[in-house]
Amino acid sequence: MSRRLFLTTTGALSLGAALTACGGDSGGSPAATEPVGQADIDQAMGTPTELTFWTWVPDIAKEVALFEKKYPAVKVKVVNAGQGTPQYTKLRTALKAGSGAPDMVQIEYQAIPTFTITDSLLDLRPYGADALKGQFVDWTWSQVGGPGGEVWAIPQDTGPMGMLYRQDIFDEHGIDVPTTWDEFAAAARRLHKADPDVYLTNLAANQAAAWHGLQWQAGARPYVTSGKSDITISVDDAVSRKLGEYWGGLAKEGVIGVEPDFTDAWYAALNKGKYATWITAAWGPVFLSGSAKATAGKWRAAPLPQWDPAKPSSGNWGGSTTAVVRSSKNPIAAAVFAQFLNSDPASARMFATEQFFFPATKALLTDAEFIGQTPSFYGGQKVNQLFADIGSTVDSGFQWPPFLDQAATDWTETVGKSLADRTDTVRALGTWQSRLTTYAKGQGFTVKGG
């Protein structure tokens, strides 16, 4: 679960340098452009082969063993090259050097554009990936797809956003579960006035991933790319300013917390009841049950409050995929592995029951055993069912930029700082927009929107 928590982001070379340094096949086999026949697949899977897979998923050898049992001629070497950013940095270094890159790599949804812009990932369509589309939640397929219909990776898990809340604190103060953000703000003011030691929630000033998820829910389109060199940046548009006014206003009033998350102080705050809700994702319930054991039985789950109750929506925070590196000398076997790992029913179920990842497959999200679980930590509530339903409201049109590391850094130093300092968040959005626009132009992008 730890990789869901920090959601580290990726680096970017300048556009020209990136396309030169990382483009092409880096000495590997040419990428297929026509469908690969079943005979070729059978031959590849029956030929003794060793694949290298970079991943930080704990105990993934169990899922890999399922693949090796089905395809005994193919052996998979699992390497933990770091979690998130450290792995991506090593991958870029290997690609630039033309050697040392793995065949397959774990990659978060938001990191995919960083590597597709440099032609570093294999389009999996010729290897049969299109046939899997109907097995995965619709918005996840959009996240792994390209503008030309490419399939750059196979979804592994997801993080649709919802709200975990302390039923006992709500009951003590007569607070109904807020269904709109207006109700949420009113409850935040009421609760903190009644008990100055308690806040309705904490919006972490170091968590750009959560902010992006809230943008996603609100219908923002902060980044829209076209081709490899055109991007529209809109982190200071009307929707984002609405978020800035809302959250910045609550922070300035002092009725929500703004401390960094996933720190010792933050864990302690959850355990002692300093925060009555946690705006989180589908991986949050399992994480919280292990990190706030003192509060067992007191929590419940609900959808995010809505901007428009007539049009329920949510964003996503977290989740990964399996991609094939274009330089692989064994593209058929690597592509088969990526597809098997995440679509084979036994393997997908193992991710949900062994690593407690929230599924990306429709089959598991409608599986009675999975959605029918009633954890005592949440008072017997069917939490998986709730988040499965929330997942159906995640918009498929949200995009990421090919320089998300810079976007996250600039957010923390502008918007995040305004939250931490309880200053003008709307103004900080303008600074974020300006900084990102300047950066993107400096990297060779044609930028609209700023």
Side-chain angles (χ1 to χ4, degrees), residues 161-218 220 239-281 284 288 292 295 298-309 314-315 317 411-412 414-429 432:
M161 293 180 70
M163 181 178 72
L164 304 181
Y165 67 95
R166 285 282 297 268
Q167 182 70 66
D168 58 327
I169 296 176
F170 276 36
D171 289 345
E172 179 184 352
H173 293 278
I175 297 173
D176 294 327
V177 178
T179 59
T180 68
W181 286 114
D182 284 344
E183 292 174 359
F184 187 91
R189 297 181 182 105
R190 176 181 171 187
L191 176 60
H192 192 61
K193 182 178 180 180
D195 188 343
D197 292 328
V198 179
Y199 298 88
L200 185 62
T201 201
N202 180 70
L203 185 66
N206 66 326
Q207 193 54 267
W211 185 267
H212 279 111
L214 292 171
Q215 285 183 304
W216 195 333
Q217 188 222 8
V239 177
S240 297
R241 286 194 293 272
K242 177 175 70 174
L243 288 175
E245 290 172 357
Y246 182 86
W247 290 107
L250 293 177
K252 287 180 72 174
E253 288 181 49
V255 297
I256 63 169
V258 291
E259 70 176 311
D261 55 6
F262 307 111
T263 64
D264 289 344
W266 181 81
Y267 291 127
L270 289 175
N271 274 282
K272 71 178 184 181
K274 181 179 179 180
Y275 301 120
T277 74
W278 181 24
I279 295 169
T280 184
L288 186 66
T295 60
K298 298 178 180 180
W299 291 87
R300 302 292 184 272
L304 288 180
Q306 298 294 308
W307 293 107
D308 182 356
S314 186
W317 173 8
W411 181 90
T412 302
T414 57
V415 180
K417 188 175 188 302
S418 76
L419 294 169
D421 296 344
R422 303 185 187 273
T423 54
D424 190 340
T425 298
V426 174
R427 182 177 181 181
L429 285 169
W432 186 27

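Separation of atoms CD1 (Ile175) and OH (Tyr165) is listed at 11.5 Å; rounding is to 0.5 Å. Here CG of Leu243 is found 8.0 Å from CG of Leu429. Values are rounded to the nearest 0.5 Å. Atom CG of Asn202 sits about 10.5 Å away from atom CD of Gln207, to the nearest 0.5 Å.
The closest side-chain donor-acceptor pair between Glu245 and Thr425, if any, does not fall under 3.5 angstrom. With hydrogens and angles left out, the side-chain atoms of Trp181 and Gln217 include a donor and acceptor closer than 3.5 Å.
Side-chain atoms of Thr277 come within 3.5 Å of backbone atoms of Leu200 as a donor-acceptor pair (strictly under, hydrogens ignored). The backbone N or O of Met161 lies less than 3.5 Å from a partner atom in the side chain of Ser314, making a donor-acceptor pair. Although no hydrogens or angles enter the test, the distance criterion places a donor-acceptor pair under 3.5 Å between the side chain of Arg422 and the main chain of Ala251. Checked by atom type and distance alone, the side chain of His192 pairs as donor or acceptor with a backbone atom of Val198 at under 3.5 Å. Without hydrogens or angle criteria, Thr180 side chain to Glu183 main chain gives a donor-acceptor distance under 3.5 Å. Judged by distance alone, the side chain of Asp424 and the main-chain N or O of Ser418 form no donor-acceptor pair under 3.5 Å. Put simply, the side chain of His173 never gets that close to the backbone of Ile169: no donor and acceptor are under 3.5 Å apart.
For Asp171, the CG atom sits in a packed shell: over 12 heavy atoms of surrounding residues, nucleotides or ligands are nearer than 6.0 Å. Within a 6.0 Å radius of NZ in Lys417, no more than 12 heavy atoms belonging to other residues, nucleotides or ligands are found.
Two residues are said to be in side-chain contact when any heavy atoms from C-beta on lie closer than 4.5 Å; Thr201 and Tyr275 fail this criterion. Put simply, the side chain of His212 does not reach to within 4.5 Å of the side chain of Trp317, judged on heavy atoms. With contacts defined as side-chain heavy-atom distances shorter than 4.5 Å, the pair Val177/Phe170 qualifies. Leu203 places a side-chain heavy atom less than 4.5 Å from the side chain of Leu419.
The two residues Val258 and Ala420 come nearest to each other via the heavy atoms CG2-CA, 4.0 Å. Contact detail for Gly273 and Arg166: the closest heavy-atom pair is CA-NH1, 3.5 Å. The two residues Pro178 and Pro305 make their nearest non-hydrogen contact at O-CG, 3.9 Å. Contact record, Leu164 with Ala301: CD2-CB, 3.6 Å, taken as the closest heavy-atom pair. Across Trp266 and Pro260, no two heavy atoms sit closer than the pair CB-O, 3.5 Å. When all heavy atoms are compared, the tightest approach of Trp432 to Thr414 is CB-OG1, 3.4 Å.
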Could you walk me through whether Leu288 and Tyr267 pass the side chain to side chain contact (heavy atoms under 4.5 Å, CB included) check? CA-CA 9 Å; Leu288 186 66; Tyr267 291 127; over 6 Å; no
May I have the step-by-step check of salt bridge (charged side-chain N to carboxylate O under 4.0 Å, His left out) for Glu259 and Lys274, ending in yes or no? CA-CA 12 Å; Glu259 70 176 311; Lys274 181 179 179 180; 3.7 Å; yes
Under the side chain to side chain contact (heavy atoms under 4.5 Å, CB included) criterion, do Trp247 and Leu214 qualify, and how do the steps go? CA-CA 10 Å; Trp247 290 107; Leu214 292 171; 3.8 Å; yes
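Sequence neighbours left out, the pairs with a member in residues 187-200 that pass salt bridge (Lys or Arg N to Asp or Glu O under 4.0 Å) are Arg189-Glu253.
Phe184 pairs in a side-chain contact (heavy atoms from CB on, under 4.5 Å) with only one of the listed residues (Ile279, Leu304, Thr179), which is Ile279.
Classified by interplanar angle (parallel below 30°, tilted 30° to 60°, perpendicular above 60°), the ring pair Trp411/Trp211 is tilted.
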